[in-house]
Structure formats: structure tokens, C-alpha cells
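All chains are named by letter (A, B, ...) in the order of the sequence lines, taking the proteins before the strands, and each is independently numbered beginning at 1.
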Amino acid sequence: MIKIKFPDGAEREYAEGVSALDVAKSISEGLARKVLVAEVDGEVWDGNRPIHKDAALKLITWDDNTGKATFWHSSAHLMAEAVESMFPGVKFWVGPAVEKGFYYDMDLGDKKLTEDDLVTLEKKMNELAKANSAFVRKEVPKAEAVSYFSEKGDEYKLDLLSNLNDGEITFYTQGAFTDLCRGPHIPHTGMIKAIKLMSIAGAYWKGDEKNKQLTRIYGVTFPSQKELDEYLLMLEEAKKRDHRKLGKELSIYTMDDDIGPGLILWMPNGTIIIEELEKLAKESEEAAGYKRVVTPHIAKENLYITSGHLPYYADSMFPPMELDGEKYYLKAMNCPHHHKIFAAEPKSYRDLPYRIAEYGTCYRYEQSGELFGLMRVRCLHMNDAHIYCNKEQFAQEFKAVNEMYIKYFKIFGVDKYVMRLSLHSPEKLGQKYVNEPALWKETEDMVRKVLIETGTPFVEVQDEAAFYGPKIDVQIWSAIGREFTLATNQVDFNSGLKFKLEFTNQANEGETPLIIHRAPLGTHERFIGFLLEHYAGKFPTWLCPVQVKILPISDKFIPFTQELKQQLRAAGVRVEIDERSEKIGKKIREAELSRTPYMLVIGEKEVNERVISVRRQGKGDAGTISIDEFIKNITEEIKNRV
RNA sequence: GCCACUUUAGCUCAGCUGGUAGAGCAACUGAUUUGUAAUCAGUAGGUCGUUGGUUCGAUUCCGACAAGUGGCUCCA
């Protein structure tokens, strides 16, 4: 007999060799039907794998993320089984669970998959699922595994095997399909009740674009049809928040084939939002001691040779234009221009920290496949600034920048974001990163220290730094789940040296400043794209292109509404009148759909009593109020940016 | 840039297997003068993304290109 200890502390005795599923059954049949996998002494195990010694056991169901991941990983095997039955000779690479579902990468030779194939595959998977095939685990000696896949001519699995040792190789078989796999798996295929194959994509082997491109199929599965339906409905809902859809509906921006891909035309509504954001940025930057500068959109090649951008990023810049025997590039970043402003006049330690800011226009030749609405464009406006300081000032400056981020997030009510401390990879020094190991270590430690001291939650990631230094990226997610860097705060120990920037220190010696690159609001493009999705189009009043819509009940009341409009405009409120001879219901409907925060319904009663009836977007009738009081409230709301 | 898919009126979308196109909303005109999410009628609007090819004939079939979409790679 062995002792099994449960998470609640209870202990029960079972025969040696008992499985997690047996244990579940001893508790209840219903539970046993739900158990997908188990944790045995903290290690994830197949539910039907025998336990031979005393152990702590946790039964894992769909409610647990580990359960979902296992379910989806097993689903990937089920899909592979279906694929192999349809396309014998297919070779598989890896098929992991992802955040929502799973994929499997495979080499189908010359066969091109189409969406019709997905439908057929789905059918086949459903059929195979109903067979209730158990996932059977088998430990295999390396030599045997190698010969198995050698016979199949499967170079991909042989590649995986080359990194594994005897004793850690297991095969899993369900039905007619056997795969090299660490496991664990759910008990049997019958638990997979609802299947949806989402898309076909090309994916480079090992994620390297120099390698062969494999076919990747994405799918998602659920233990019930109901959950799949709910998930698909949720996807539909998310699409309604997509900034590309909202941007069109609310006339924020447009694009045009004759202008070019990734080039945004900001319509009047979008421009109002831009101007409000700039106003906010200018206010807070002025308060934080920044000075504003303006620099040109282009510069000579030599600037980017000095900055070191050309060797690293020439491919991401628009090709140069030749003028008077000189090459000029559209700027892809503002920093070199700003460095030249720093260098224009001699600096002493008394001038530091020297902070200059610009809503700079940058052009980046993003790969065509990378463009994505407002989130990834080729012409962008950065909320950019550079802070030149000495090492003693660094912590304070870096901290102040982080505080500005947090202040903005509060204003916009952003709570779902991750601060990512992006570090370099030592093995890529001299390639992706400037070859200054000591400076890398020093600055990375400084940044980490500031984050810890200020209690800012963050995650560390390797190989995400800028080429000139470590950075903090703020990661956010689009409505359809794609991840983006919204804002960035970077340390640069390199450009000061490259541009021979200097200030005279207290000892009357020349010293190179540290530079902080920061863009708390990222770019107009990405930030407004993000805000559209964040607010689902319902901007707070201070950001709204049209803050008040006046809706006269009939033509008779238009003179009064014009008077009202003048008063509101004089108070700095953006206001429009719907003068059409439509019924009030229609005017309200359209004002609601355009997400106008305040609607003022004006009829006979209002004109006679010189009051206004207020309706709030999404909230309905808000009662009657005096004109003065309304103006006082709304201007207060706008001023406080609530 | 790579893989897959898509492109029909301002918008959302119909249009079976080839015989040059339709709806709703929007726009315009007229009627209506309206009390908190769509008043009625009429009019106009499209070389069916561009460009080659197959065909007596292409929105429809095939190719190229462009733009967009889902991924991969990339992302200063």
C-alpha cells in the first residue's frame, strides 16, 4: 500500500501502482470523467500512469490552465493522426499548446493545404476522437527511437532526438499514430468533444527564416460544443473592438492605395485626438523639465553611420535619395537629430539633466507582411524625448520617466500591461548588440535596481534590448490578442560615445553623458489604435472629437440650439447640431452609434424654460439641467481628463 | 520578405456550374415638424482591385501584380 496525499492535506491509502484516474474514481465517477491529467509530487503525469510510492497528488481538470494545455497538446496529436491518415508520409516537427488552442508544424512535401482540407481534417478528427483511443505512454531507449524515425526518414524527429538522452525518451501512441513526445496527455481522445481548425500558416523551421518553411495548422478544441460556441462568439465580439473597424466607423483615419501601405491619413476626428494627446504630453513634459525641439524628417547618410544605425537597421529604413552627390535618408528615429542639438552648444554639468522632447515623424520600411492597421505602420509620430544625464542622476531620471508612464496609465485607465525589462544576449555582442560587455552589465544592473527600488512589477527577458542598451518595454494586447510594445524607456550608454557627446564635470574634465530614450505614449498611431480598442470607441469626453451633440426635436428650435452651441464653443467644448428634419429617435440613435458622450435634446419645454435635457452615451436620459450648470460640469470634466 | 486566404456601389454583403450585376444602410430630392436607439416615397450611384491569358463571350476559369486579412520572420 502507498499513501496518497491530497492538496487539502487529507491522506488515503491505495494499492501500489494505483493511477490518478483510479484515485479519482475512488472519490467519484463524475470526477474521474473530468480528470485530464495529474500532478504527482509537483510533476505533471498522465492520469493512467501507475504511482509506485507515497506521493502528493493533485487531480487536474479543464478548470486548471495545466489541464487546458494538456488537452490542447493532446488535440495536436489527434490532429496529427488525422493529417497522417489523409497525407501518409507527412513529417511532423512540434505541436505545442498555445495560449488559446494548439498548432502542429509539419512538412507535407509538395502538398499545399487549402481551407477545404481543414474542413475534411476536422471531420476526420471528430471521427478519430469518437474512437476513444487511449494515449499510451512508452519509454523507449534512444537507439530504438533513432532507428524508428530513421526508417521513416523523419529528419525532424531525429533532430529532436539528438538533444535527448537515454531514459528521457518517451513515445505516445493513440490509435494509429505514434509520436515522440514528453507528454503528458489526457486519458483518451473521446474527451475532445468540439474541434475547430482555425487557420493554415507557414512557419519557419526552428523559427529561422533561413530554414525551410513548414506548414502550421492552428486549432482549438473544447470538452463541449457549448464552450467552443462561446469561444467563437467571444472572437466575434473582440472583432467589434478592433481598432481598424472602429477607426473606420468613427472616421478616425483612412488609408489609400495611392498613398501607400502603412501610411496613415488622419481624418479630422483622428487629428483632434492627436492634438489632445500632444497637449497632455506637452503639459506633463513641461512640468517635468523638458524643452521642446523640432527637427527635419531627413538626414545625410553619415549621421546614421555615426549613430551605428545603418549597419544594424539599413533594411528597416526607406532607401536613400541621392541629392547633390549625397545620400539622404528619411529618419527612422529622432535620436541622432537630438544628439546634434545636445552637441550644438558646449554643456557643463550644470546643464544636466538636459531633456529635449519632440513629436518626431519617423519613417520605417516595415516588411509588407508586418503592417497592421494603426499598430504597425511605415510613417509614425513618436512621443519622443532624450534625457542626457550623468551616472549619479540616472536613477532619479529613470525613475521620473517611469512615474510619467504610471501617471499616463492612470489617466487612461490602463491596467492590463506588462513592464518588460529587456536585456541583451551576451553571445550576440558585436552582432545584434554593441560590443561593450562591461557597460551592458552596469546599465542593466542600474535599470533593474531602479525597478526594484520603486516597487514596479516587471518581467525580465533576454535578447530584447536595443542595440545600444537595455530598455523597459510596456507590452499591451490588441483586441484580437496580438501583443505590442506600447511605450518604451531605454538606456543608451553607446550613442554618447559614438557622437562624442561631452559635458564638463565638476573636476573640469570632459565626460560622456548617459542617454535615456523614452516614449511613454509610444506613437500617435499605435497609441490611438490601442485607445480605440481599450475604450471600444467610447473615448472619455476630453478625447472625443465631438463632445456634445445638440438634437433639436424640430426645426422650430434650431435658433435656440445655435445660441446654445455658441455658448458651449465659447467654453471650449466641441459641439455639433443635428439640424436634419429627422425624428428625435433617429438623431439619438446616430449620436449613440457615433459614441458622442453628451446628447442635448432640445424641444419646446427646454426653449421655454431655457434649460437642456441631457442624455449620456450608453446610459440614456440623464434629466434636465440649467445651461450654466451643464457648461460648468462638462468643462470641469474635460479639464480634469476624467 | 515567406505560407494561406480575401478584394463586387461610400459602408455591410448577395450573385449556383462563364452570357457585362443586385439588397439594406449612407448620399441626394420631396413630403413629414417629430420628445430619448432607424418616418415615408423617389432619384442617383459600380469598366465587379489592376493587368495579361483561355473563350464567340470573363465579375465568374488560369497567371502576374497591388492592397488587405490570419500566421511565420522582423519590430530602433
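- With respect to A:Asp208 and A:Lys206, no salt bridge is recorded, no charged nitrogen being found less than 4.0 Å from a carboxylate O.
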Are any protein N/O atoms closer than 3.5 Å to N/O atoms in nucleotides 3-7 of chain B? If there are, list each pair with its distance.
residue, atom, partner, partner atom, Å
B:C3, O4', A:Gln213, OE1, 2.7
B:C3, O2, A:Gly202, N, 3.1

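- Contacts of residues 90-99 of chain A with RNA chain B (heavy atom under 4.0 Å): none.
- Atom C1' of nucleotide B:C72 and atom NZ of A:Lys212 are separated by 16 Å, given to the nearest angstrom.
- Salt-bridge annotation for A:Asp578 and A:Lys549: absent, with no side-chain N of the basic residue lying under 4.0 Å from a carboxylate O of the acidic one.
- Residue A:Arg216 is classed as a sugar-phosphate contact, given heavy-atom separations below 4.0 Å to backbone atoms only.
- By the 30° and 60° cut-offs, the orientation of the rings of A:Phe372 relative to A:Phe484 is parallel.
- Put simply, the side chain of A:Tyr468 never gets that close to the backbone of A:Gly308: no donor and acceptor are under 3.5 Å apart.
- Each of A:Val614 and A:Gly373 lies near RNA chain B, and the nucleotide nearest A:Val614 is the one positioned closer to the 5' end.
- Under a cutoff of 6.0 Å and an axis angle of 45°, A:Arg355 and A:Tyr388 do not form a cation-pi pair.
- Sorted by first and then second residue, the salt bridge (Lys or Arg N to Asp or Glu O under 4.0 Å) pairs involving residues 91-103 of chain A (not counting sequence neighbours) are A:Lys91-A:Glu155.
- No option in A:Val601, A:Ile602, A:Val548, A:Thr561 other than A:Ile602 meets the side chain to side chain contact (heavy atoms under 4.5 Å, CB included) test with A:Ile612.
- Pairs passing the salt bridge (Lys or Arg N to Asp or Glu O under 4.0 Å) check and including a residue from residues 553-564 of chain A, sequence neighbours excluded, read A:Glu563-A:Arg610.
- For A:Lys331, the side-chain hydrogen bond (donor to acceptor under 3.5 Å, both in side chains) partners at least two apart in sequence or on another chain are A:Thr295, A:Asn334.
- Under the rule for a side-chain contact (heavy atoms from CB on, under 4.5 Å), the partners of A:Ser626 that lie at least two apart in sequence or sit in another chain are A:Asp628, A:Glu629.
- Scored by the side-chain hydrogen bond (donor to acceptor under 3.5 Å, both in side chains) test, A:Asn269 finds no partners at all (sequence neighbours excluded).
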Please list each protein N or O that sits under 3.5 Å from an N or O in nucleotides 24-29 of chain B, with the distance.
residue, atom, partner, partner atom, Å
B:A26, OP1, A:Lys586, NZ, 2.7

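- Within the 4.0 angstrom heavy-atom criterion, no nucleotide atom of any strand lies near A:Lys587.
- Between A:Arg244 and B:U69, a side-chain N or O to OP1/OP2 separation shorter than 4.0 Å is present.
- Using a 4.0 Å heavy-atom criterion, one finds that A:Lys556 contacts the sugar-phosphate atoms exclusively.
- Within the structure, side-chain hydrogen bond (donor to acceptor under 3.5 Å, both in side chains) pairs that include any residue of residues 249-265 of chain A comprise A:Lys245-A:Glu249 (at least two apart or interchain).
- When the P atom is compared between B:G52 and B:G22, the two are found 27 Å apart, to the nearest whole Å.
- Residues from residues 484-500 of chain A with heavy atoms under 4.0 angstrom of RNA chain B, sorted by number: A:Gln490.
- One cannot find a donor-acceptor pair under 3.5 Å joining the base of B:G1 and the side-chain atoms of A:Tyr365.
- For A:Glu444, the salt bridge (Lys or Arg N to Asp or Glu O under 4.0 Å) criterion is met by no residue, not counting sequence neighbours.
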Could you write out each protein N or O paired with an N or O of nucleotides 48-51 of chain B at a distance under 3.5 Å?
none

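- A donor-acceptor contact under 3.5 Å is formed by the side chain of A:Arg376 with the base of B:C75.
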